[in-house]
Amino acid sequence: GKRLAAVGAGALGSQILVNLFRAGETLDAVADKDRMLPHNFARHAAPDYDLLGCPKTQVVQRLAGRRFPGSTTPAGLVVDASDPHGDGAADYAAALAGAEVVLDFAASVPVSRYLTLDAESAARRISALLSPNGCDLVVLAEDAERTVRLDHLELNYYRGVVEDKRLAGHFALPPT
């Protein structure tokens, strides 16, 4: 029931957004500058290859309309989420400013830094990413008042990876 804006419509973002649509949540906007390439289809929620070359935001819009008729189609913002300028920048700023929760699925340090430190929005930020080998999911969520921000949570996450023996191998790369 919150006003949601998402950044990142790739492998993880597309899967989570589809589940949000399935749960009846409304996504106001999704921002991503990337397009669908052949290798993306292995993990993305995109249903078929006719979406090859389409902006990932457009793919998420189609997923909302095709799979969940009646759901609100999010605004698709093709913009560099870490350095917005030019076409789409004003809409991106408005989407972040109007959101109650900003979901960060970009798995990009510059994007997370922009959302945490530079984006003008009172919205709570939640970041989700996969470990390099894809075996671990990390979710970092600010409190509603943003007294503990994502950058602080990220540092605590790194400390945990270094100090907690149960997380040995967390940053291991997949076998080649």
Is the shortest heavy-atom distance from the side chain of [X] to the side chain of [Y] under 4.5 Å?
X: Tyr49; Y: Pro38; result: no
X: Pro55; Y: Asp32; result: no
X: Leu173; Y: Asn133; result: no
X: Ser127; Y: Val139; result: no
X: Phe21; Y: Val60; result: yes

query: Sequence neighbours excluded, which residues qualify as side-chain hydrogen bond (donor to acceptor under 3.5 Å, both in side chains) partners of Asp151?
result: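 Testing Asp151 for side-chain hydrogen bond (donor to acceptor under 3.5 Å, both in side chains), a comparison that skips the adjacent residues, returns Arg149.
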Over all heavy atoms of both residues, which pair between [X] and [Y] is shortest? Give the atoms and the distance, please.
X: Ala6; Y: Phe105; result: CB-CE1, 4.2 Å
X: Leu137; Y: Ala128; result: CD1-CB, 4.5 Å
X: Arg35; Y: Asn40; result: O-OD1, 3.6 Å
X: Leu115; Y: Arg146; result: O-NH2, 4.4 Å
X: Ala64; Y: Pro74; result: CB-CD, 4.1 Å
X: Cys54; Y: Val59; result: CB-CG2, 4.2 Å

- prompt: To which residues is Leu117 joined in a hydrophobic cluster, defined by side-chain heavy-atom contacts under 4.5 Å among Ile, Leu, Val, Met, Phe, Trp and Tyr, whether direct or through other members?
  reply: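 The other cluster members (ILVMFWY side chains, heavy atoms under 4.5 Å, direct or chained): none.
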- prompt: Taking it one step at a time, do His152 and Thr116 satisfy side chain to side chain contact (heavy atoms under 4.5 Å, CB included)?
  reply: CA-CA 10 Å; His152 298 139; Thr116 302; over 6 Å; no
State whether the side chain of [X] and the backbone N or O of [Y] hold a donor-acceptor pair below 3.5 Å, judged by distance alone.
X: Asp80; Y: Pro84; result: no
X: Ser121; Y: Leu96; result: yes
X: Arg113; Y: Asp118; result: no
X: Arg124; Y: Val102; result: no
X: Arg3; Y: Glu100; result: no
X: Gln61; Y: Ala75; result: no

So how far is it from [X] [atom1] to [Y] [atom2], rounded to the nearest 0.5 Å?
X: Gln58; Y: Thr73; atom1: CD; atom2: OG1; answer: 11.5 Å
X: Glu25; Y: Leu4; atom1: CD; atom2: CG; answer: 6.0 Å
X: Asp164; Y: Arg166; atom1: CG; atom2: CZ; answer: 4.0 Å
X: Asp136; Y: Leu130; atom1: CG; atom2: CG; answer: 9.0 Å

task: Scan Val30, Leu20, Ile16, Val7 and name whichever one has a side-chain contact (heavy atoms from CB on, under 4.5 Å) with Leu103.
output: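 So, applying the side-chain contact (heavy atoms from CB on, under 4.5 Å) to Leu103 and each of Val30, Leu20, Ile16, Val7, only Leu20 qualifies.
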- prompt: When Ser14 is tested against each of Arg43, His44, Met36 for side-chain contact (heavy atoms from CB on, under 4.5 Å), which residue passes?
  reply: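 The side-chain contact (heavy atoms from CB on, under 4.5 Å) with Ser14 is passed solely by His44 among Arg43, His44, Met36.
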Indicate if [X] and [Y] have the same hydrophobic cluster label, given that clusters are the connected sets of ILVMFWY residues with side-chain heavy-atom separations under 4.5 angstrom.
X: Val18; Y: Leu129; value: no
X: Leu17; Y: Leu140; value: no
X: Leu63; Y: Phe41; value: yes
X: Phe171; Y: Leu153; value: yes
X: Leu77; Y: Tyr114; value: yes

message: Could you check whether Arg159 pairs with Glu154 (Lys NZ or Arg NE/NH1/NH2 to Asp/Glu carboxylate O, under 4.0 Å)?
response: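 So Arg159 does not pair with Glu154 through a salt bridge.
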field: Set of residues satisfying side chain to side chain contact (heavy atoms under 4.5 Å, CB included) with respect to Asp87, sequence neighbours excluded
entry: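 Testing Asp87 for side chain to side chain contact (heavy atoms under 4.5 Å, CB included), a comparison that skips the adjacent residues, returns none.
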task: Give a yes or no on whether Glu120 atom CD has more than 12 heavy-atom contacts from other residues, nucleotides or ligands under 6.0 Å away.
output: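 No, CD of Glu120 has 12 or fewer neighbouring heavy atoms, counting only those of other groups under 6.0 Å.
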message: Between Tyr157 and His170, do the side chains contain a donor N or O and an acceptor N or O under 3.5 Å apart?
response: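 Looking only at side-chain atoms, Tyr157 and His170 do form a donor-acceptor pair, the distance falling under 3.5 Å.
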- prompt: Can Asp104 and Ser112 be counted as having a side-chain donor-acceptor contact under 3.5 angstrom?
  reply: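 Yes, a side-chain donor-acceptor pair sits under 3.5 Å.
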